[in-house]
Each structure stands twice: as structure tokens, then as C-alpha cells.
Trainee: 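After the C-alpha cells below, expect a handful of questions from me.
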Number of protein chains: 2
Amino acid sequence: MAQTDTVTRILDTAEVLFAERGFAETSLRNITSKAKVNLAAVNYHFGSKKSLIQAVFARYLDPFTERFHAALDELEAKYQGEVIPLEELLETMARSVLEVPAERNSLKVFMKLLGLAYSQAQGHLRRYIQEHYGSVFTRFAALVRQATPDLPDAERFWRLHFMLGTVIFTLSGLDALRDIAEKDYGEHVSVRELIRRLRPVVVAGMNAPLPEPVGDALPAAG
Amino acid sequence: MAQTDTVTRILDTAEVLFAERGFAETSLRNITSKAKVNLAAVNYHFGSKKSLIQAVFARYLDPFTERFHAALDELEAKYQGEVIPLEELLETMARSVLEVPAERNSLKVFMKLLGLAYSQAQGHLRRYIQEHYGSVFTRFAALVRQATPDLPDAERFWRLHFMLGTVIFTLSGLDALRDIAEKDYGEHVSVRELIRRLRPVVVAGMNAPLPEPVGDALPAAG
DNA sequence: GTGGGACATAAACATTTGTTTTAAACATTA
DNA sequence: TAATGTTTAAAACAAATGTTTATGTCCCAC
């Protein structure tokens, strides 16, 4: 086995298994046996299972943040202080997200991992991501703010997260949904196809009219 | 300990712990010790951990489907064959979702569970839910179809899931989001508040213009 | 060539997991 | 009261988990 492709094989195998079954449900023995690597190699190279999980994310998020920053730089240069339209911002983000895993043909895995990062308890993960990659999102949020000056800050905050939910939820649960869709419509949807469908929905959601100020008819709930 | 409040205590404790930490991360010993109940009681009353998980869901979904069916009955009676407007349908669904856990003051738990049901691998759960509660959603989807006759079937299918993603993702990750929001804006958002904000976004998303037929500029991805 | 660092291997370790088993307590009915 | 079915209790079980150790192997600098 050449030098340290062991590390790569562990990461390659781990990300697939994590995406398929979740973190807690994937044992180190699952990973190492499928990767044809010794069990101890994980703790040797990564230190612990937690660190392995973070390393799996870093391999996606590091290139992503770099690319996304660069893309935003370009965009700011292009508009030279002018306000960047919302569509351009969303488009740029989508492109950045798509570019990275495209290199490794594993967008599906990336999306599943993102979904898990949000839903799964795994407190350490959310902290890790927020800590290491929060700055790009802050920058993005600031640009979105300029692009949507009529939106109250709180409203924009929530809508951004609504849209994030739409995208992550859809793309991370894609396999299951695709099964249903194929059964119902026979047509096989690609990720690009889905992105194409998502775009107008996301834009419309961001530009939706403001909610009525008060007094809806819904029942109270704790 | 009176007759079989053991079962109730197990369910009450299990749903909270499941919602907080996920299924795999919650051990039976966690549940039984916190519930002050013997370990063996779980296997005695429920048979297995899997069945316990399903029972936790059933306690929410059984009343929900019943209520939702009833609400749809009312709606159909009210409109007497006329097409039910989309807003009414969405409103009715929201109301039905909110009513059930409101009785037990645990909407947050319910939403977290829903999120887990989607994201977590747990194949048995998705199958269980689809099998036992799929019919209500089918009925709902048929009504939405009548309410949005201009939408191609496939488009409507995906948009419904987009919106489902928005709602579930937001409400299930609510605690984390709420923390951020409070830090940024100091304002504490209630669930009702969030629903009020969600509504126009969801409606706008469903009514968004159709996507451009082809040829977007996004890079290819597998 | 030899010593030393980097890595691989196999075995063992201590916990924790879900599940069973055995026995005792309880309640209900005859 | 005796007998029966139901529920709780404590302990034990086998399996699986993350992690560590001890040994072996390779390769490169000296």
C-alpha cells in the first residue's frame, strides 16, 4: 500500500458510509473493513472518531469556502460597490456548492453530510462547522442584506434559513424522494434538474410579501 | 407504581431523549434510568428498541392523521366540490400539525422527531411511516393538485417536498436557530411567530414561476 | 549496513450496547 | 385462600463499540 493513501481510503469510505447510515450507526470496523485498512489506522491517523468526522467535512468545506470567497471577490469586483442582485448571489452560491464535489463526483454525499450535520445531534460537529466556516456565511449574509434592503433584518435572517432548509432537506433526502418520484412519474431527476427547479422557488420565497403583522388564526402551541 | 403508567413514562422520556440526541445515541439505559423504570420494561412492553421508536411516532401520528382527515372532510364539505384554495389547504395542514402536540405542550419534540425521521438513516422508520400514514398525504396531494391546476405534476410534486423541507428543517432545527437569532437580534421567537413567517414564503414558493425550460449555466455534477 | 521514524498489523482492553433470564411482587379471579 | 396472569426487579449474556498496546515491517538518512 503506497505511502499514505490509507488516509484517503479511510476518508473516501467513511464519507460514503456516514452519508448512507449516519455517524453513530457507522462503526470504525465498518469503515476499516470496507476500506481494507487496519482498524487502528483510524485512531493513528485521525486520533478519534470525532476527528475523523470533522476531517470528512473539512475535505469538502475547505475547498468550498475558498472557492466561495473567491467567487464573491469576483462578484464584488464586477459590481464595483454597486449592489449585487439577489439572483446573482444565489446563483454564485449554488455554483460554488456544486463545483467542489463535482470534482469528485459525489455531490450526493456532500448534501447528505450537510443534512446530517444539521439534524444529527453531534454537538461537536455544529460547533466545529460554525467555528471554522462561519465567516463565509457572515459575508454572504451581509451581501444578501444589501440586495434586499426592504426586508427587515429578522425577516431576512429567517428566510435565509428557510431557503437553506429547502435546499439541504431536498438534496440530502434526494435518494428517497427520487425513488418516489420515479415510481410516480417514471422520470429520473438529476441534481442539476433539481437545482433548476429549486431556483425560482427560492427566489420567490425570498421575495415573498411580508407576513401579516399579527393575529393569525392558528392555535397556541408551546 | 400504578398499573401501566410505566408505558407512558417510557414513552414520555424516550421521545424527549430521542429528540435531543437521536435514536442511536440514546440507549435504553438512558431512557429507563431517567424514567425511573426498570431496564427490562422496555423489551417487555414494546418488544424491542425499534418498536419503541415506532411507538413514539405513533403516539403523535395517530391523532394527527385522524385530525387531519377530519379537517379535510370539513373542508371538502364546506366547498362542496368546488376547488379548495391552496392557502386554505396549507392553513389546514398547519393547524392539524399544531393541534396535536399542543395538547401535550411538545410541538418542539414533535418537529425534532419529524426531522429525524427524514434525515436519520433508520430505514425501518421511513418504511413504517410511509406504510401507516402515507394515505393522508396522498389525499392531501390530490387536493393540492386541484388547487394548482397550472402546475405540471412533477413540478408540484417537487415543490411540495421543497416546502416540506422548509418547514421541517426550520422547526426541527429550531433550538439552534433560535440561539443564533437571539444572539443577533435579541428577540425570542415563538413557534407561532415562526409559522406566521413561514406562511407567505411557502405560498410564494408554491406559486413561483415555472423554471426556465433548459440550459442553465451551472456546472455538471454527478 | 545500521539506526530511527513512519506506518501497518494483530491482539487485547474496558465499556457500552440491546436483549434474556430468573425470581419476586402484585393484582385479579375463581 | 388458592391459583393464575401480569408487571417489576436484578442479574447475567453475548455482541459490538472506540481505543490502546505491543510487535512487526518498510524505507530513507547517515
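The structure presented is a predicted model; accordingly, all values stated were derived computationally and were not measured. Because only heavy atoms are used, hydrogens play no part in the values below, and waters and symmetry mates are left out as well, while side chains stay in. Below, chain A is the first sequence line, B the second, and so on; all start at residue 1.
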Trainee: Just how far, in rounded Å, is C1' of C:dA6 from CG of A:D5?
Mentor: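 A:D5 atom CG is separated from C:dA6 atom C1' by 15 Å.
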Trainee: Rounded to whole angstrom units, what separation is found between the CG atom of A:N38 and the C1' atom of D:dT25?
Mentor: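 These atoms are roughly 13 Å apart.
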Trainee: Just the atom pairs and distances: protein N or O near nucleotides 12-18 of chain D's N or O, under 3.5 Å.
Mentor:
unit_1	atom_1	unit_2	atom_2	d
D:dT17	OP1	A:S27	OG	3.4
D:dG18	OP1	A:K49	NZ	2.7
D:dG18	OP2	A:L28	N	2.9
D:dG18	N7	A:R29	NH1	2.8
D:dG18	O6	A:R29	NH2	2.8

Trainee: In whole Å, I'd like the distance from the OH atom of A:Y44 to the P atom of C:dC7.
Mentor: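 In whole Å, C:dC7 P lies 4 Å from A:Y44 OH.
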Trainee: Among residues at least two apart in sequence or on other chains, which ones pass salt bridge (charged side-chain N to carboxylate O under 4.0 Å, His left out) with B:E76?
Mentor: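 Per chain and number, B:E76 pairs via salt bridge (charged side-chain N to carboxylate O under 4.0 Å, His left out) with B:R139.
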Trainee: Taking atom P of C:dG18 as reference, at what distance in whole Å does atom CD1 of B:I10 sit?
Mentor: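 Going from CD1 in B:I10 over to P in C:dG18 covers 13 Å.
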Trainee: Applying ring pair (Phe, Tyr, Trp, His ring centres under 6.0 Å), name anything that partners A:H69, two or more places apart in sequence or on another chain.
Mentor: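 With sequence neighbours excluded, A:H69 shows a ring pair (Phe, Tyr, Trp, His ring centres under 6.0 Å) to no residue whatsoever.
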Trainee: With a 4.0 Å cut-off on N to O distance, would you call A:E91 and A:R199 a salt bridge?
Mentor: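 A salt bridge is present here (some side-chain N lies under 4.0 Å from a carboxylate O).
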Trainee: Report, one pair per line, the protein and nucleotides 22-28 of chain C atoms (nitrogen or oxygen only) whose separation is under 3.5 Å.
Mentor:
none

Trainee: Rounded to whole Å, please give me the gap between CD1 in B:I31 and C1' in C:dT16.
Mentor: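 In whole Å, C:dT16 C1' lies 15 Å from B:I31 CD1.
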Trainee: Identify which nucleotide among D:dT20, D:dT7, C:dA8 has an atom closest to any side-chain atom of A:A40, counting heavy atoms from C-beta outward.
Mentor: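 Taking heavy atoms from C-beta onward, the closest nucleotide is D:dT20.
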Trainee: List in chain and number order the residues that pass salt bridge (charged side-chain N to carboxylate O under 4.0 Å, His left out) with A:E88, two or more places apart in sequence or in another chain; answer none if no residue qualifies.
Mentor: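 Partners of A:E88 by the salt bridge (charged side-chain N to carboxylate O under 4.0 Å, His left out) criterion, ordered by chain and then number, come out as A:K78.
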Trainee: Can you check whether B:Y60 and B:F110 have ring centres sitting under 6.0 Å from each other?
Mentor: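 For B:Y60 and B:F110, the ring centres are under 6.0 Å apart.
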Trainee: Kindly write out the residues that satisfy side-chain hydrogen bond (donor to acceptor under 3.5 Å, both in side chains) with A:S48, not counting sequence neighbours, or none if the list is empty.
Mentor: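 A:S51.
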Trainee: Does a salt bridge link B:D12 with B:K34, judged by any charged N lying under 4.0 Å from a carboxylate O?
Mentor: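 B:K34 and B:D12: not salt-bridged.
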Trainee: So that I can tick it off, tell me whether B:E193 and B:R197 are bridged by a salt bridge, with the cut-off set at under 4.0 angstrom between side-chain N and carboxylate O.
Mentor: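 A salt bridge links B:R197 with B:E193.
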Trainee: Output yes when at least one side-chain N/O atom of B:H45 is less than 4.0 Å from OP1 or OP2 of D:dT8, else no.
Mentor: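 It does, given that an N or O in the side chain of B:H45 lies less than 4.0 Å from OP1 or OP2 of D:dT8.
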